[in-house]
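Have a look at the structure below before the remarks.
None of the values given here were measured: they were computed from a predicted structure.
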Amino acid sequence: MGRVLCVANQKGGVGKTTTAINLSAALAMAGMKVLLVDLDPQCNATTGLGQAPTANHPLVTGVPLAEGALATGVAGLDLLPGTRSFRDIELLARDQNSPTNRLRDYLELGLNRYDFVLIDCPPSVGPLTRTALAGSTEVLMPIQCEYFAMEGLTQMIEVIRDVILHDAHQLQFGGILLTMYDHRLELTHEVDQEVREFFGEIVFQTAIPRDVAVSEAPSHGLPVIDYNPRARGSRAYAELCMEVLDRD
């Protein structure tokens with residue numbers, strides 16, 4: 001069975017979708033078969049890979065995973081596109097109160113096709129994020145190197161703990177990722193030190209730097225590794241990929 005990583009944080013603008021796209025691409029380039037699931041109604045993971053949001057989410061229509069998943073420009077990486085349909089979003093959100101989990105059941109039917117499934121969540125601790133957490137085996141939390149980083153982590157960890165205690169399977173903490181790292185700023189080093197002292201080895205050694213190439217890549221419908229392979233962000237996501245593989 002493949003690993004299902006939920007990429008989540010209650011705060012927006014922390015590099016969540018950017019990480020979901022680029023880690024998925026790096027894993028695929030490392031020879032893994034990868035599926036990226038877009039659960040964010042903003043559908044940025046979908047458009048960031050050059051695809052259009054779907055009118056109805058495959059999780060709602062019941063289209064088999066083999067038919068609902070789209071090939072991307074990255075060999076080995078498939079995409080389950082997101083939707084902006086309020087009706088579909090509401091139906092998916094109801095799963096948190098259901099005795100079964102639509103997302104988990106859907107993935108299990110085709111999970112043997114993939115080594116990794118990454119789920120891009122909305123920037124919240126609402127029903128969709130809880131549904132994704134309940135359908136995952138691991139959670140990866142990107143956090144920006146800023147003053148309120150620890151505050152956001154605390155609330156998210158409480159939600160993760162609640163899912164672990166009340167859901168029918170074991171969700172594990174896959175890791176915390178420092179993003180938008182600017183080594184020139186004293187605040188960056190203070191947040192880095194505080195997070196690592198508090199959480200220890202759960203924090204990835206790799207930190208994702210501020211890099212204009214990372215910001216530009218989605219407008220071209222490409223992961224940064226394709227858009228600019230020599231960029232600092234490309235190297236960082238390649239290193240993160242190796243860490244994720246080593247934690248298997």
Subject >> Passing candidate, side-chain hydrogen bond (donor to acceptor under 3.5 Å, both in side chains) with Gln193, options Arg196, His189, Glu197 >> reply: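 Among Arg196, His189, Glu197, the one that satisfies the side-chain hydrogen bond (donor to acceptor under 3.5 Å, both in side chains) with Gln193 is Glu197.
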Inter-residue atom distance [X].[atom1] - [Y].[atom2], 0.5 Å rounding:
{"X": "Leu118", "Y": "Glu138", "atom1": "CG", "atom2": "CD", "result": "9.5 Å"}
{"X": "Leu245", "Y": "Leu27", "atom1": "CG", "atom2": "CG", "result": "5.5 Å"}
{"X": "Leu171", "Y": "Cys6", "atom1": "CG", "atom2": "SG", "result": "7.5 Å"}
{"X": "Arg247", "Y": "Glu201", "atom1": "CZ", "atom2": "CD", "result": "8.5 Å"}
{"X": "Leu23", "Y": "Phe116", "atom1": "CG", "atom2": "CZ", "result": "8.0 Å"}
{"X": "Met156", "Y": "Lys11", "atom1": "CE", "atom2": "NZ", "result": "13.0 Å"}

With distance as the sole test, does [X] use its side chain to make a donor-acceptor pair with the main-chain N or O of [Y] at under 3.5 Å?
{"X": "Thr137", "Y": "Arg3", "result": "no"}
{"X": "Arg84", "Y": "Cys43", "result": "no"}
{"X": "Asn22", "Y": "Val224", "result": "yes"}
{"X": "Lys16", "Y": "Cys121", "result": "yes"}
{"X": "Ser124", "Y": "Gln10", "result": "no"}
{"X": "Ser234", "Y": "Arg230", "result": "no"}
{"X": "Thr46", "Y": "Gly82", "result": "yes"}

**OP:** Mind running side chain to side chain contact (heavy atoms under 4.5 Å, CB included) on Ile176 and Phe198 for me, showing each step along the way?
**Re:** CA-CA 11 Å; Ile176 294 171; Phe198 192 85; over 6 Å; no
Subject >> Non-neighbouring partners of His220 that pass ring pair (Phe, Tyr, Trp, His ring centres under 6.0 Å), sequence neighbours left out >> reply: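 Here the qualifying residues are Tyr227.
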**OP:** Carefully, step by step, assess Leu49 and Leu77 under the rule side chain to side chain contact (heavy atoms under 4.5 Å, CB included).
**Re:** CA-CA 10 Å; Leu49 283 173; Leu77 174 59; 4.2 Å; yes
Do [X] and [Y] come close enough that some side-chain heavy atom pair is under 4.5 Å?
{"X": "Thr17", "Y": "Gln42", "value": "no"}
{"X": "Cys145", "Y": "Leu185", "value": "no"}
{"X": "Met29", "Y": "Asp226", "value": "yes"}
{"X": "Pro58", "Y": "Glu67", "value": "no"}
{"X": "Leu36", "Y": "Leu80", "value": "no"}
{"X": "Pro53", "Y": "Thr47", "value": "yes"}
{"X": "Asp38", "Y": "Pro81", "value": "no"}
{"X": "Tyr114", "Y": "Val34", "value": "no"}

Original post:
Within 45° of the six-membered ring axis of Tyr181 and under 6.0 Å from that ring's centre, is NZ or CZ of Arg232 located there?
Top reply: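 Verdict for Tyr181: no cation-pi partner in Arg232.
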Looking only at non-hydrogen atoms, find the nearest pair between [X] and [Y] and report the distance.
{"X": "Arg130", "Y": "Val159", "value": "NH2-CG2, 3.8 Å"}
{"X": "Ala236", "Y": "Thr206", "value": "O-CG2, 3.2 Å"}
{"X": "Asp211", "Y": "Ala231", "value": "OD2-CB, 3.4 Å"}
{"X": "Thr83", "Y": "Thr54", "value": "OG1-O, 3.0 Å"}
{"X": "Ile225", "Y": "Ala26", "value": "CD1-CB, 3.6 Å"}
{"X": "Val37", "Y": "Val117", "value": "CG2-CG1, 3.8 Å"}

Assigning hydrophobic clusters by single linkage (Ile, Leu, Val, Met, Phe, Trp, Tyr; side-chain heavy-atom cutoff under 4.5 Å), is [X] placed with [Y]?
{"X": "Ile208", "Y": "Val195", "answer": "no"}
{"X": "Phe204", "Y": "Ile202", "answer": "no"}
{"X": "Val4", "Y": "Val7", "answer": "no"}
{"X": "Leu70", "Y": "Val63", "answer": "no"}
{"X": "Leu133", "Y": "Ile157", "answer": "yes"}

Original post:
Can you tell me if Thr61 and Asn56 form a side-chain donor-acceptor pair at under 3.5 Å?
Top reply: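 Judged by distance alone, the side chains do not pair up.
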**OP:** Could you verify whether a donor N or O on one side chain and an acceptor N or O on the other, from Tyr237 and Thr19, lie under 3.5 Å apart?
**Re:**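 Yes, because at least one side-chain N or O of Tyr237 sits under 3.5 Å from a partner of the opposite role on Thr19.
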Original post:
Can you list the steps and then say if Met180 with Val214 is a side chain to side chain contact (heavy atoms under 4.5 Å, CB included)?
Top reply: CA-CA 10 Å; Met180 302 179 195; Val214 173; over 6 Å; no
**OP:** Show the numbers, then the answer: is there a side chain to side chain contact (heavy atoms under 4.5 Å, CB included) between Val191 and Glu146?
**Re:** CA-CA 7 Å; Val191 172; Glu146 62 173 20; 5.8 Å; no
